[in-house]
**Student:** 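Before anything else, here's the structure in question.
Heavy-atom basis, side chains included; hydrogens, waters and symmetry copies ignored. Below, chains carry the letters A, B, ... as their sequence lines are ordered, and counting in each starts from 1.
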There are 4 protein chains.
Amino acid sequence: MAYNLLKGKKGIIFGALDNKSIAWKVAEKAQEEGAVFTLSNTPTALRFGQIDELAEKCNAEIIPADATNVADLTNVFERSMEVLSGQVDFVLHSIGMSLNVRKKRVYNDLDYNFLNKTLDISSISFHKMLQVAHKLNAINEWGSVVALSYIAAQRTLYGYNDMADAKALLESIARSFGYIYGREHKIRVNTISQSPTYTTAGSGVKGMNALMDFTERMSPLGNADADECANYCIVMFSDLTKKVTMQNLFHDGGFSNMGMSLRAMKMYNRGLPDSDEIE
Amino acid sequence: MAYNLLKGKKGIIFGALDNKSIAWKVAEKAQEEGAVFTLSNTPTALRFGQIDELAEKCNAEIIPADATNVADLTNVFERSMEVLSGQVDFVLHSIGMSLNVRKKRVYNDLDYNFLNKTLDISSISFHKMLQVAHKLNAINEWGSVVALSYIAAQRTLYGYNDMADAKALLESIARSFGYIYGREHKIRVNTISQSPTYTTAGSGVKGMNALMDFTERMSPLGNADADECANYCIVMFSDLTKKVTMQNLFHDGGFSNMGMSLRAMKMYNRGLPDSDEIE
Amino acid sequence: MAYNLLKGKKGIIFGALDNKSIAWKVAEKAQEEGAVFTLSNTPTALRFGQIDELAEKCNAEIIPADATNVADLTNVFERSMEVLSGQVDFVLHSIGMSLNVRKKRVYNDLDYNFLNKTLDISSISFHKMLQVAHKLNAINEWGSVVALSYIAAQRTLYGYNDMADAKALLESIARSFGYIYGREHKIRVNTISQSPTYTTAGSGVKGMNALMDFTERMSPLGNADADECANYCIVMFSDLTKKVTMQNLFHDGGFSNMGMSLRAMKMYNRGLPDSDEIE
Amino acid sequence: MAYNLLKGKKGIIFGALDNKSIAWKVAEKAQEEGAVFTLSNTPTALRFGQIDELAEKCNAEIIPADATNVADLTNVFERSMEVLSGQVDFVLHSIGMSLNVRKKRVYNDLDYNFLNKTLDISSISFHKMLQVAHKLNAINEWGSVVALSYIAAQRTLYGYNDMADAKALLESIARSFGYIYGREHKIRVNTISQSPTYTTAGSGVKGMNALMDFTERMSPLGNADADECANYCIVMFSDLTKKVTMQNLFHDGGFSNMGMSLRAMKMYNRGLPDSDEIE
């Protein structure tokens, strides 16, 4: 069901890889809601993903870019304004990668070149995007920028490694630039802190299945999935949330404010050597 | 502009007094978005406010209730289900009052009977509402409940008095009951922490004008007004935010995450005896 | 080992029941650190507890008081100033009780008279204590007031029931009164949010053993015990923390900032029907 | 007045420059409290500062190091263990620098090489320190590590620029490594979020005087100074805070939990064109 929430709006969506990507779902919903937009991802992602299919479906141009490269980002915004005939109204940043995670370098044995890459790709790219857009005056007044984050920015989860620090940095950038962009152009910048989600990117994280079982049972509404996250992004791009900025918005079925649920405790209890019945 | 976001949805709106009330604006927008609903407020408020006008405009029945009275609340939910032919999908709690504020009892000279009333009216009424609804099974699966709050729940503002504690309690109740209602009926419960707003209720707070000037200059997007707050409520009642629960959502132009803005600092600086120019 | 951290300091300790109480440990440590103080608890607690033993050991007078009763509290402060020959330097509030928990009224079936009692005993008593002290000018400049809290104030734990709301209210009162007391008398007011602790009071909470196993494994340093909590209270009463106020200080082995630990995940995983090995 | 809180303890203090430095004060107090330690700073800082004076006073060896250089840090820990005859018990990280601030590159015109340096010097240096120490097993069980932070990690202050993001990253690293170091060696890692402080390093921040007037009037206890901060560091190094970890501890006279104080509002109000009297 569609509402025309983004009718007449223009945007740029970074980070769609395949049909499990949150960014992919955002693109689909944005189109249903009346938006036109461009898509961007790295040349490698474009080669291995299925983004052509999405581009066709959404009638969207793909603009390849390394999001850590200012020139590439400049091109994305310039080309987007050309293709879409004007400034954009929304931008989605759904980008993150850690070579430390991939190469199984644990947090007390980080490779610092990898860490720099993690931060550059997952966090600083967001600043670069905003700075480029700001210099080009590429975003309309009352535009909306969203980056996807994760609760590891606030709380440590074993195995999430340097991505936790990257998300903390990302959320800080959203606040810092949100202030600037708000006061000067009425543009809002927020992060959405999403439940752990089965995506091709997310599947590399250690112990993902057990963790997702835990968060599912801890969250009163269960984990939020990629489709639901896309809905929340649409809402944040719409004109109904104009005064929400510099926020980190938890979209997680309630997980972030749970200490212990009955369902999770029961499962945990089953593992205990001398478990009593829990009611 | 309307989107049919609440098409087919039924609700109850507590707390509309006059056309400055946030609840009033929510009612207007809810109707525009396709919802049907009932209105409730205290007999006194009904007498002094202009809610008849709203009821007529929205084709909504008014059900008088003292929100601290379980029997009254039971009647509101039962009657609403009758009038609306079934369970409701959304509930708005926009209720707050402090006799300590009204009678100018400062925070270190509280009257404890007044404090009990503040908490009963402003916070516990929310629990009563939820408990009554839960017992009557009055809210549909995936329904949404919102209460209006204020940042005084997290940070002390001189003169806000025991309403700060009431809002902290209100937000805690939203979390506590959000867990129960989520796990059992997939119903979400959130609070929206709104900018200081010129309402008939809000106008009693000490130094309101200077405070609102400060928050206006501190917030990169300026203060959020009642209309914008109503939009955010609509979004939280819609199907696009199904997995957001137990959250306190700041709707404040960015104020909550500001430490100091240039605009506010400039104004502050003007007050200083030996102010230098600030750029 | 003692450091004379409280040499020459005078205080009042509310809530010691038996030698498992945190307040009991605080009394013991306070004496070791050179303080003199009075003890207060309800007449019932005095009858069933072993506080006489503590009083003798610490050479402390016991002043019975119902902490919800302003006259009783007035007597405690007046009598303490008499016994201790002057204003006090520190106050500990370690008081909490829920009849809803005791009578097994679940959170969606609260008895509202019980809820009022929960809030009056566990939260508002703290305001009363501070207001009485303020009116009597009973606390010295740079004095320190601490109340014990629990993370349920921020995050919902099944079974903790209306005590969660009570703790949220308690922490709000600490902030609100901390502002007043700080600006007028340089007195600081904080809460310490302690790990779940085996005390006679804490033992009534549902599923306590499994929960404590979980928090023990989640917390990198394990649960904090009553002795360690007492040390932290001493620190907060000392002259070395003069500028810390209006804070909620987590004393929990790191639990509050954990999302998932390896140790807890392994145990949880053992409960899963088709668990894989987690490393 | 000294308490022997650090009697027998060994440590390393990074970042003392001159007698306005917080690290300098920590060194003085640590010595008074019975600790022995080494001092480290960059070769440049050693040349321009007065650290020789401190070293002599504290009978401490100076070990020059660029804190972004793993080899240098390795040397600091190895040499410290040699000089102090064994593992250390505490480490202070008081390091931060932004070339963007120094070169007046505003936040929407950052130089990304400068940003990388800001993060490397102000945040990643802390990870490197911890990783080096962990690999060398250089910190004793129940040791304590503290880094100094600022509320800009949570809330945007104009002019604080990329140091805000650096502090957010720093605090995240404290959590992430705090988990590892806690679970493996019972070592705690915390940050102290200090009031704005007149130090040689801090004096470069724009509008510092007006800001400090504002925070002074907002904070019920006034700004915390460097001496008071040093006291809090000592407490965090002592055996009385063993179970506090992964926390960001506000040491700010209450500023962090204030929304608006009467004193600040009065001053702000004086700047308003048509100010009314505020009481």
**Student:** Listed by chain and number, what are the ring-ring contact (aromatic ring centres under 6.0 Å, His included) partners of D/Tyr268, not counting sequence neighbours?
**Tutor:**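 So D/Tyr268 forms a ring-ring contact (aromatic ring centres under 6.0 Å, His included) with B/Phe214.
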**Student:** Strictly distance-based, threshold 3.5 Å: is any side-chain N or O of B/Arg155 a donor or acceptor partner for the main-chain N or O of D/Gly259?
**Tutor:**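 Absent.
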**Student:** Say you draw a straight line from CG of D/Asn269 to CZ of B/Arg270; how long is it, rounded to the nearest 0.5 Å?
**Tutor:**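 One finds 11.0 Å between CG of D/Asn269 and CZ of B/Arg270.
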**Student:** Just verifying a value: how many Å separate B/Thr156 OG1 and D/Met260 CE, rounded to the nearest 0.5 Å?
**Tutor:**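 Nearest 0.5 Å value for the OG1-CE distance: 12.5 Å.
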**Student:** Distance from B/Met258 atom CE to D/Tyr158 atom OH, nearest 0.5 Å?
**Tutor:**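 Rounded to the nearest 0.5 Å, the CE-OH separation comes out at 10.5 Å.
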**Student:** Examine whether an atom of D/Ser256 lies under 4.5 Å from a heavy atom of chain B, and if so say whether it belongs to the side chain, the backbone or both; otherwise answer neither.
**Tutor:**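 Only the backbone of D/Ser256 comes within 4.5 Å of chain B.
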**Student:** In chain order, what residues pass the ring-ring contact (aromatic ring centres under 6.0 Å, His included) check against D/Phe48, with sequence neighbours excluded?
**Tutor:**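 Checked D/Phe48 against ring-ring contact (aromatic ring centres under 6.0 Å, His included); zero matches.
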